[in-house]
Amino acid sequence: MTQSVVIQVGQCGNQIGCCFWDLALREHAAVNQKAIYDEAISSFFRNVDTRVVGDGGSISKGKIRSLKARAVLIDMEEGVVNEILQGPLRDVFDSKQLITDISGSGNNWAVGHKVFGSLYQEQILEKLRKSAEHCDCLQCFFVIHSMGGGTGSGLGTFLLKVLEDEFPEVYRFVTSVYPSGEDDVITSPYNSMLAMKELNEHADCVLPIDNQSLFDIISKIDLMVNSGKLGTAIKPKSLVTSSAGAFKKRQEKPFDAMNNIVANLLLNLTSSARFEGSLNMDLNEISMNLVPFPQLHYLVSSLTPLYTLADVNIPSRRLDQMFSDAFSKDHQLIQADPKHSLYLACALMVRGNVQISDLRRNIERLKPSLRFVSWNQEGWKTSLCSVPPVGHSHSLLALANNTCVKPTFIELRERFTRLYKKRAHLHHYLQIEGMEESCFTEAMSSLSALIQEYNQLDATKSMPAEDLPRLRVAV
């Protein structure tokens with residue numbers, strides 16, 4: 001069994017990370033009721049005997065003593081990390097695996113990347129090496145960060161280069177939260193643009209998440225619940241409830257519920273690597289099968305169900321609806337419509353009591369309405385994990401390498417251009433040592449080249465699928 005390390009960077013990264021560890025513990029507690037330290041739980045947790053001083057307390061089997069998350073927490077402000085350390089999960093984190101500062105990055109990518117990157121590089125390397133030493137077979141680093149702030153975008157992407165240099169064989173999966181158009185960080189277009197260049201060059205897979213899409217999803221669920229629509233009810237442990245297990249009146253954007261959706265994305269992504277199933281999918285298979293070209297490694301994700309139905313025994317027509325929902329624009333975690341764009345490849349990761357025949361039937365049913373590139377008409381990768389998420393009978397995570405991600409990048413370029421042509425706020429960046437205007441123009445060129453690659457793929461949409469010759473077998 002392989003292990004993964006989660007690196008949560010900045011306020012957003014640490015808040016999502018906190019949700020992830022909470023849900024992961026609940027999920028393993030529901031399955032592992034005898035409290036035995038098994039391979040499934042070892043993928044994200046160490047078992048430690050706290051009576052032993054130093055690193056000698058790790059226990060590889062037997063009863064669970066004290067679980068420690070395979071995590072590195074980084075923030076250049078202390079607030080969120082201190083909150084976590086004073087909260088119910090305080091004992092899950094190893095205090096030696098935290099890096100904080102007090103000044104913050106001031107919503108400036110250059111401060112996060114250039115200043116704090118240089119200042120904390122050795123400390124970060126030390127924490128990463130220590131995390132790797134505690135793994136028998138380290139397969140993946142999961143980086144969680146936001147694109148709009150200073151620490152998440154700057155230090156979060158600095159980290160990717162460090163990981164690439166130090167652990168070139170270990171996969172780098174990045175969950176990147178993109179700011180919405182109404183973002184209150186004025187410099188977020190600069191930060192996002194500069195971060196994009198680093199993601200293009202140093203990540204293996206990026207799961208872009210759009211704040212606006214998460215907010216829209218939560219608003220729809222709220223509306224459904226408040227309207228008392230027939231046949232829908234939110235269970236206490238549904239992924240859209242707060243940690244208290246009940247809906248709160250929404251005064252502001254419901255970040256807890258939004259973070260829970262992203263945390264569940266990561267849980268479902270890793271479920272096949274953690275639990276048994278009739279059709280397992282390793283993390284390296286995601287990159288191998290869904291990323292045909294190095295830079296086209298942005299995977300659009302959709303999660304269903306986003307709420308639970310009142311009855312647990314869901315009939316097959318509802319199972320089919322779950323597959324249909326995964327391809328509808330309302331369930332995408334960025335503002336995108338994959339059905340009207342071009343697929344390079346698609347992965348379906350199913351959890352719960354679902355048969356391979358259900359999977360095949362739904363792929364055949366949906367295939368005629370989906371457009372795949374001519375050279376990969378059968379570009380499906382599937383997995384079945386027998387353990388469903390807590391509070392659900394089954395679920396589906398779809399990961400699509402699809403040109404529908406392009407409008408997100410075009411909008412980012414437009415927002416960046418509006419600010420950059422006025423040269424607004426540029427001096428805050430250029431006064432940082434190592435920052436030059438060429439950093440901005442190179443980042444712009446990098447994103448434009450990526451958009452052009454998607455344009456070239458879109459241009460093939462009207463072309464007929466290649467009729468590939470088949471091998472003839474003599475009878």
Side-chain angles (χ1 to χ4, degrees), residues 4 6 15-45 64 67 69-71 87-89 91-92 142 144 175 214 217-218 221 224-225 232-248 254-278 280-281 301-314 318-319 322 325-326 331 333 348-354 383-398:
S4 296
V6 175
Q15 286 172 334
I16 291 171
C18 191
C19 284
F20 170 78
W21 294 111
D22 180 28
L23 292 169
L25 284 169
R26 291 190 201 194
E27 191 165 278
H28 283 284
V31 175
N32 188 345
Q33 294 179 358
K34 292 183 179 177
I36 301 296
Y37 185 68
D38 57 13
E39 287 188 335
I41 205 163
S42 76
S43 57
F44 278 110
F45 293 93
I64 291 173
L67 290 178
R70 299 187 190 277
L89 295 179
D91 294 330
V92 175
F142 286 98
I144 312 172
T175 302
L214 294 177
I217 286 168
I218 296 299
I221 295 167
M224 193 177 290
V225 173
T232 60
I234 302 294
K235 291 183 178 177
K237 291 182 180 176
S238 168
L239 65 82
V240 296
T241 56
S242 70
S243 55
F247 267 84
K248 296 176 181 176
F255 286 113
D256 277 354
M258 291 161 72
N259 291 340
N260 268 353
I261 289 181
V262 183
N264 268 275
L265 158 65
L266 294 171
L267 276 182
N268 287 352
L269 181 68
T270 58
S271 62
S272 199
R274 291 181 292 127
F275 299 117
E276 291 299 314
S278 55
N280 276 3
M281 187 193 303
S301 51
S302 63
L303 205 54
T304 176
L306 290 165
Y307 58 92
T308 47
L309 296 160
D311 51 343
V312 176
N313 299 314
I314 300 178
R318 291 200 180 153
L319 179 63
M322 185 176 78
D325 287 344
H331 281 70
L333 300 192
L348 298 177
M349 307 182 79
V350 184
R351 300 182 64 180
N353 184 22
V354 180
S383 75
L384 287 176
C385 170
S386 56
V387 178
V390 174
H392 295 259
S393 60
H394 51 243
S395 71
L396 169 62
L397 167 65

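A distance-only check finds a donor-acceptor pair linking the side chain of S302 to the backbone of A326 [under 3.5 Å]. No side-chain donor-acceptor contact under 3.5 Å links S272 to the backbone of C385. A donor-acceptor pair under 3.5 Å is formed between the side chain of D38 and the backbone N or O of I41. D22 places no side-chain N or O within 3.5 Å of a backbone atom of C18 that could act as its donor or acceptor partner.
Screening M322, M349, R351 for a side-chain contact (heavy atoms from CB on, under 4.5 Å) involving L396 leaves a single residue, M322. Between L333 and the choices T175, V262, L214, the side-chain contact (heavy atoms from CB on, under 4.5 Å) rule is met once, by L214. Of the candidates L384, N268, L319, V350 forms a side-chain contact (heavy atoms from CB on, under 4.5 Å) with just one, namely L384.
The side-chain heavy atoms of I16 and N260, taken from C-beta on, include no pair separated by under 4.5 Å. No side-chain heavy atom of S4 sits less than 4.5 Å from a side-chain heavy atom of R70. Using a 4.5 Å heavy-atom cutoff, the side chains of I218 and I261 are in contact. Taking the side chain as every heavy atom from C-beta outward, I36 and N32 approach each other to under 4.5 Å. For the pair S395/P389, a side-chain contact is recorded, criterion being any heavy-atom separation below 4.5 Å from C-beta on.
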* Asked: After noting the C-alpha distance and the side-chain angles of F275 and S386, does the key distance pass the side-chain contact (heavy atoms from CB on, under 4.5 Å) rule?
  -> CA-CA 7 Å; F275 299 117; S386 56; 5.6 Å; no
* Verify salt bridge (charged side-chain N to carboxylate O under 4.0 Å, His left out) between E27 and R274, making sure each step is shown before the conclusion. => CA-CA 11 Å; E27 191 165 278; R274 291 181 292 127; 2.7 Å; yes
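From S271, atom OG reaches atom CG of L397 across 8.0 Å, with rounding to the nearest 0.5 Å. Note: T270 OG1 to L267 CG = 5.5 Å, rounded to the nearest 0.5 Å. Interatomic distance, CG of L348 versus OG of S383, reported as 8.5 Å (0.5 Å rounding).
Ring orientation note: the planes of H28 and F45 are nearly perpendicular, at an angle over 60° on the 30°/60° scale.
H331 and L303 get closest at one heavy-atom pair: CD2-O, 3.3 Å.
In this view, N353 and Q355 satisfy the side-chain hydrogen bond (donor to acceptor under 3.5 Å, both in side chains) rule, not counting sequence neighbours.
Checked against a 6.0 Å centroid threshold, the rings of F20 and F44 count as neighbours.
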